[in-house]
There are 2 protein chains.
Amino acid sequence: MTGQRKALPTAEELRIWRDFIETTEALRSELSSRLQSESSLSPGDYAVLLALREAEGRRLRPSELAARIGWQRSRLSHQIGRMERRGLIRREECITDSRGAEVALTPQGSEAFRNASLPHLRAVHELFVTPLTPEQLAAAEEIARALRARLKVPRDT
Amino acid sequence: MTGQRKALPTAEELRIWRDFIETTEALRSELSSRLQSESSLSPGDYAVLLALREAEGRRLRPSELAARIGWQRSRLSHQIGRMERRGLIRREECITDSRGAEVALTPQGSEAFRNASLPHLRAVHELFVTPLTPEQLAAAEEIARALRARLKVPRDT
DNA sequence: CCCATATGATTGACGTGTCAACTACAGAGG
DNA sequence: CCTCTGTAGTTGACACGTCAATCATATGGG
């Protein structure tokens, strides 16, 4: 009833927004760069390998894999192509649906993930967990929840 | 004295981390998509246009521009090339240093920014400011500060 | 059985980001 | 003046992401 929906951020709110978004971007970028230099894996590689390791039989249908990591199918398809060239995963035909495919972890992919995992988790601890107080960590969770709630809504008038 | 520096996140901390990073990524992606569909500008375009508008004479040396928005020069150079093709900015020679160049806002670039600005700020308000309580907004600021402090440090042992 | 449509997956075009060369000029020292 | 080194900026190769189009097969209705 107040037209708040169309309101603009104040200078202060805008400053916080920029700090916040730039910081999370820098954080992502630093994690990505460490993962790359320590393990020759991109964050995308890591996400795919993680999902496959946790999957029944270390294999998944592309659609199912895409759903689990929240990607669009075409993005995954490109990623799978790149990973297959490097021998991290293997594409196989699907028995129950000849339109479909299956993505399977190779021994090399499995090993690459094992080597990457520990350093990556340490980096997450160092760069995200350590700098925050327990209260801030809890606040981060609530902030994420609040933001996510608004994002899911299609976009009201 | 406790080996904490090498510690791993707990399952709970890892969950929070994933929620947090995925949410900020989704937020960035939504903002980007709205900017694109409402104004045909990418976040990169917007950042460059904003910096130029705020610059003395609406022009900047590429290095100075890169520094202000925190980009590497090569990234900016590619961006400038794309924006020049679309008529948003213009490259000019630099009088005081013949190695150098200057990037100047064109009337079209200026107008594109004007058209993009209001809807973009509204989106920031809607998707970031509105969903958070004042306490959460303050907490977001502190969290960003804490994370940034750790990131700046080169990387201790 | 055959067709219309839906679904699984891939592809190509293109914008974007990083990294490592590379070009061209500036500026200091001989 | 000349060389040596540093700096401004660009470029090319390649990884990545999105979008729209495409291909092949599945599937339900006549």
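Numbers restart at 1 for each chain; the letters A, B, ... are given by sequence-line order, proteins then strands.
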Interatomic distance, B:Leu35 CG vs C:dT16 P [rounded to whole Å]:
11 Å
For nucleotides 22-29 of chain C, just jot down a letter per nucleotide in 5' to 3' order: B, S or -, based on protein non-hydrogen atoms under 4.0 Å.
--BBS---
Nearest to the side chain of B:Ser74, which nucleotide is it out of C:dC19, C:dT11, D:dG9?
C:dC19
Residues in side chain to side chain contact (heavy atoms under 4.5 Å, CB included) with B:Asn115, at least two apart?
B:Glu111
Any Lys/Arg nitrogen of A:Glu126 or A:Arg34 sitting under 4.0 Å from an Asp/Glu carboxylate oxygen of the other?
yes
A:Glu92 CD to C:dA9 P: how many Å, rounded?
13 Å
On DNA chain C, nearest-nucleotide positions of A:Ser29 versus B:Arg85: which is more 5'?
B:Arg85
Rounding to a whole Å, what distance do you find between B:Ile89:CD1 and D:dG9:P?
13 Å
May I ask you to say whether A:Glu102 pairs ionically with A:Arg91, meaning some side-chain N is under 4.0 Å from a carboxylate O?
no
Whole angstrom is fine here: how far is it from CD in B:Gln79 over to P in D:dT10?
13 Å
Among D:dT11, D:dT18, D:dC16, which is the nearest nucleotide to the side chain of A:Arg75?
D:dT18
Picking from C:dG12, D:dG9, D:dG17, the nucleotide nearest the side-chain atoms of B:Ala101 would be D:dG9
Is B:Ser42 near enough to C:dT16 that one of its side-chain N or O atoms lies under 4.0 angstrom from OP1 or OP2?
yes
Any A:Ser77 side-chain nitrogen or oxygen under 4.0 Å from OP1 or OP2 of C:dT11
no
Here the gap from A:Leu88 atom CG to A:Leu41 atom CG, rounded to the nearest 0.5 Å, amounts to 6.5 Å
Rounded off to whole Å, could you give me the CZ-to-C1' distance for the A:Arg28 and D:dG17 pair?
13 Å
A:Glu93 atom CD is separated from C:dG8 atom P, nearest whole Å, by 17 Å
Just so I know, are the side chains of B:Gln79 and B:Ser42 near enough to count as touching, which here means a heavy-atom distance under 4.5 Å?
yes
In whole angstrom, what separates B:Gln36's CD from D:dC19's P?
9 Å
CG/B:Leu147 to CD/A:Gln136 distance, rounded to the nearest 0.5 angstrom?
8.0 Å
Quick one, which residues of residues 46-72 of chain B touch DNA chain D with a heavy atom under 4.0 Å?
B:Arg61, B:Pro62, B:Ser63
Checking only heavy atoms, does the side chain of B:His78 share a donor-acceptor pair with the base of D:dG9 at less than 3.5 Å?
no
Distance-only donor-acceptor test (3.5 Å): side chain B:Arg73, base D:dG9:
yes
Side-chain contact test, heavy atoms from C-beta onward, threshold under 4.5 Å: evaluate it for A:Tyr46 versus A:Ser117 and give yes or no.
yes
Would you say the side chain of B:Arg90 lies within less than 4.5 Å of the side chain of B:Thr106, judging by non-hydrogen atoms?
yes
Using atom types as modelled and distance alone, determine if a side-chain donor or acceptor of B:Thr23 lies under 3.5 Å from a backbone N or O of B:Asp19.
yes
In whole Å, what is the span from the CD atom of B:Glu84 to the C1' atom of D:dG9?
13 Å
Does A:Glu13 reach the side chain of B:His125, with side-chain heavy atoms less than 4.5 Å apart?
yes
